[in-house]
Amino acid sequence: MSLISQLQHRFRFLLRRKEFDRDLAEEIELHVDLLARDRVSGGMSPDDARLAARRAFGNVTRLQEESRRAWHIPPFDTVIQDLRHALRGLRRNPVFAATAIVSLALGIGANLAIFSAIYSTLLEPLGYRDPERLVWISGSNPSRGWTDNPISPAVMTVWRERNHVFSGIAAFQPSAVTLTGSGEPIEVPVQRTTPNVFSLLGVRPMLGRDFVEDDAIPNGPVRVVLSYNFWKRQFAGDASIVGREIAFNDAGGTVIGVMPEGFTDRYAAGMAAGTLMWIASWDPTLMSNEYGVLARLRPGATLPAAQREMDAISREIEAEQTWQVGWRAAIGPLRDQIVGPTRTTLLVLFGATLFVALIACTNVTNLLLARGAAREREMTVRAVLGATRKRLTRQLLTEGTVLGVAGGAIGVGVALLGARLLQVLAPPGAAPADGKHLIGTLLGYTAISIVAAVLIFALAPALSMSDASAKGRLDTGGRGSTQGTRSLRLRSGLIIMEFALAVMLSVGAGLMIRTLRAIGTVPIGVDAKDVMAMWIPLRSRQYQPMDRYIAFWRALMPRVSAIPGVVSASLTRGVPVDGWAGMSFVATDRPAPAAGEAPAANYVIVGPDYFTTMGIPLLAGRPFTQGDDESSPRVVIVNEELAKRIWPGENALGRTIRSQTSDSLPRTIVGIASNVRSRGVFVPPQPETYFPYGQTLNAPMRPHQLVVRTSGDAAGVITAIRREVAALDRTQPVVDVKSMSDIIGRPVAQQRFLAALLTAFGVLALTLAAIGIYGVVAYAVVQRTREFGVRMALGAQRGDVLRRVLGGSIRLAAVGIVLGMLGGLGLTRYLATLLFGVRSTDAATFAVVAVGLTLVAAVAAAIPAGRAARVDPAVALRGD
Amino acid sequence: MPRDEIPPGTLYMLILRTLAQSRQLHGYEIARAILNASRDVLQVEEGSLYPALQRMLAKGWVTAEWGTTAENRRARYYTLTRAGRKQLGDEVARFRRVMDAINLVIQPEGT
């Protein structure tokens, strides 16, 4: 029989032991009966015959044992034996087993959760053809310090014509449309793209066809491609949708294709999210910078070569078009653009979870060593009975493996929970994707973690415990032996490592907490409490003419203000942090700036109550009124920063500026508002220009947002607002309702996330380290009970004993803390990009952590130390 | 006549041979057959018969199947496999070799 089939055969046996025993018993019964029958026919009495027959079989138990043994696979035999022994041992020590397994589960689980996030964001291949040849192109103006700007079609057309390094360039503009036609109008996020975007990425629609050049002609027939999820959800996965018209923004378009499942707008690197539909639309003459640009490098072209060529082209464009002075094209790998700031966060967290896992393993090692000391006698007896060192080590490793597998299995559960938490709490881009396809990778990683963990925590104890030198150990009762001392030294070393790791985690957490507090002290400039913002896009054709658009808002605003619970309301283009739109302007009483050097300010269109709604104080002059309309003089409100830059030390009121837009009339400054950090907390205040919406009929942008200050019941107010909007026009949705606090918090999301998690991990690490030191000190105290008894009998005070024990343990922790400080000084530089208002070597943070952890160590050690001091000398001296 | 133990190492061979001669036998029948074929000399130890059968099953030299005896009792019947037949050939050859060698050694002087 081949080895394989033999193994199979034997496996089957192993599973059916009871059945095997029963069958064998039946066989033997029959044989006994037949033997008995023979004897009876030879003249014996039936009873005697049976007895004789049974006796012929001898020791039935041994027979069964031997028969069973026929099936054992030798190497397997010992493994199964070890496993059974290990399980039995764990069952007998449930507290130890539970502690070890829970520690491991937490360590492995946390690490696995972060790894899944890292894998799906940083490591997993993007689903595009040759993704490492894809690059992202953005606009930057080094002399002004502007980066990451979107591009205009006009500029991109020039790039397309003149470059030799790209096999294709595509552009997309995130937008939204209102889908009409069936029931409630719904807001659908879309992208307007060049027709080559899918072919550039190398993905084809799974139904219908890809875009062609003709699909994107401005004012031509509108063609759209649906995303898979949108197709399933909105059109019930009906394949006949291809070729049909759907209605949106009144006009609608023809569906020509559906993208495959799993294709997302990830390539848009955060510029778009949740795109449900792509519309081919490209006007190469447009000059507004609103497009994200992707390109594919030609085979053989390198990134630096591409950058050089684009620099040359940018210089040509500068010379030809004065409005492009100072602008460059910045090229980078697409993946870097997609991952962005989350990389640092995730890597830091990964390091943190590794630390936690290490500490957990260390604790388990300590537990094993503690238990090992108690099992010295058992080990010695085994050795004396003939177990080789290899056998003992293997047995101990099996115990470790059982712990590791159990911990790992539960850790997977912890990781699932953790991943769910991450998806809820993490800033976008840092959360693990919902990936059934990831299961293989994640299970593989779990297996590796378990193996690594077992090697880490089980190897040392296994080796130390199996060192079976039986001499003299049995009679001293295994106490005070060299084995015990070596074990103690090992455990002390592990405590030092635990404290070092805990220090590093705590320092990281401390720095992040200080960062958050520093961020908190920076005033955004608005009073965001109880302020809600929402979009009323008004995309229907009837609102295209600006006067009809404004008329809607004029009708809506009084109704909104009349809602009970609304303290004040205003419409606006752009809220702080979320809606920067830069426009250059000139001050009429200042010399004209050189090309490319005109100052830029945030272009904000507002209603009269904007400043009171947002809580922005007016420092001078007056707010807008309903009287500021088309028939009255053109006015503008600027902020402190603008006034300071253009007219330092002078009064800006009464002066005039002119925005470089098509609405090029000079405007008089009638008010100066307090500064607002409209580009987020990390960017100092920029110049702001506010325009009354009654005077913006020719403005380049429209105010789409409504902001309201409520007196508390935000939900009720929102519902009432929806009602009022519906009363004016049932087909217009109110979307993207957010609180100002959330909007302001978004740029800080990475820091908040990191601070929260690092703190959690720090606390966990600290708890584990405290438990660790408690365990070691308690063990040492037990070991040295006799010594303490002797000392006290010879006259030492309880205080002396206490001081001795405490001193020893604090010294231990101190070594660990110092090592942790050194490690922290080296590692915190990796946090530097996320810190704000605090240096990575901040002395105060380090000091607080050092003192704090020393206290923790002292308290954790004090409990068993106290017990040592209470030892009754008589009992200690007598006892064994 | 006193019955002798089966020499160590030959039990498998005897069982295999017995099964080669009769299609299917259960444990008792095998023991009986060996006793009869050896003219009442070779007595199989019941205590070693069943472990040996199990070992042969594990090695794939025989297969076993539950059936009923003439008296309607449930019994496990053993059959020789092809591998078992080969094993039988090997063991018999080896045994004969050893026996010839032993015979040479114990051959009385001068015969």
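A note on names: the letters A, B, ... follow the listed sequences, proteins ahead of strands, and every chain is numbered from 1. Values below: all heavy atoms of this structure, side chains included; hydrogens, waters and symmetry mates excluded.
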Here the pair of heavy atoms bringing B/Ala75 nearest to A/Leu30 is CB-CD2, 3.2 Å
Would you indicate whether B/Arg74, at its atom CZ, is surrounded by more than 12 heavy atoms from other residues, nucleotides or ligands within a distance under 6.0 Å? yes
The reported gap from CG in A/Asp23 to CH2 in B/Trp66 (rounded to nearest 0.5 angstrom) is 5.0 Å
Q: Kindly check if the number of other-residue, nucleotide or ligand heavy atoms within 6.0 Å of CZ (B/Arg17) is above 12?
A: no
Rounded to the nearest 0.5 Å, the CZ atom of B/Arg55 sits from the CD atom of A/Glu66 at a distance of 5.5 Å
dist A/Leu24:CG -> B/Tyr50:OH (nearest 0.5 Å) comes out at 8.5 Å
One should read off an interatomic distance between A/Leu34 CG and B/Arg32 CZ, to the nearest 0.5 angstrom, of 10.0 Å
Check your understanding: Would you call the rings of A/His31 and B/Tyr28 parallel, tilted or perpendicular if under 30° counts as parallel and over 60° as perpendicular?
Key -> perpendicular
Notebook entry, point to check: Does atom CD of B/Gln21 have more than 12 heavy-atom neighbours, drawn from other residues, nucleotides or ligands, at distances under 6.0 Å?
Noted result: yes
Between the CD atom in B/Glu46 and the CZ atom in A/Arg55, the distance rounded to the nearest 0.5 Å is 12.5 Å
Of B/Met56, B/Arg82, B/Arg76, B/Glu71, the largest count of non-hydrogen pairs under 4.5 angstrom with chain A goes to B/Arg76
dist B/Arg73:CZ -> A/Glu29:CD (nearest 0.5 Å) comes out at 7.5 Å
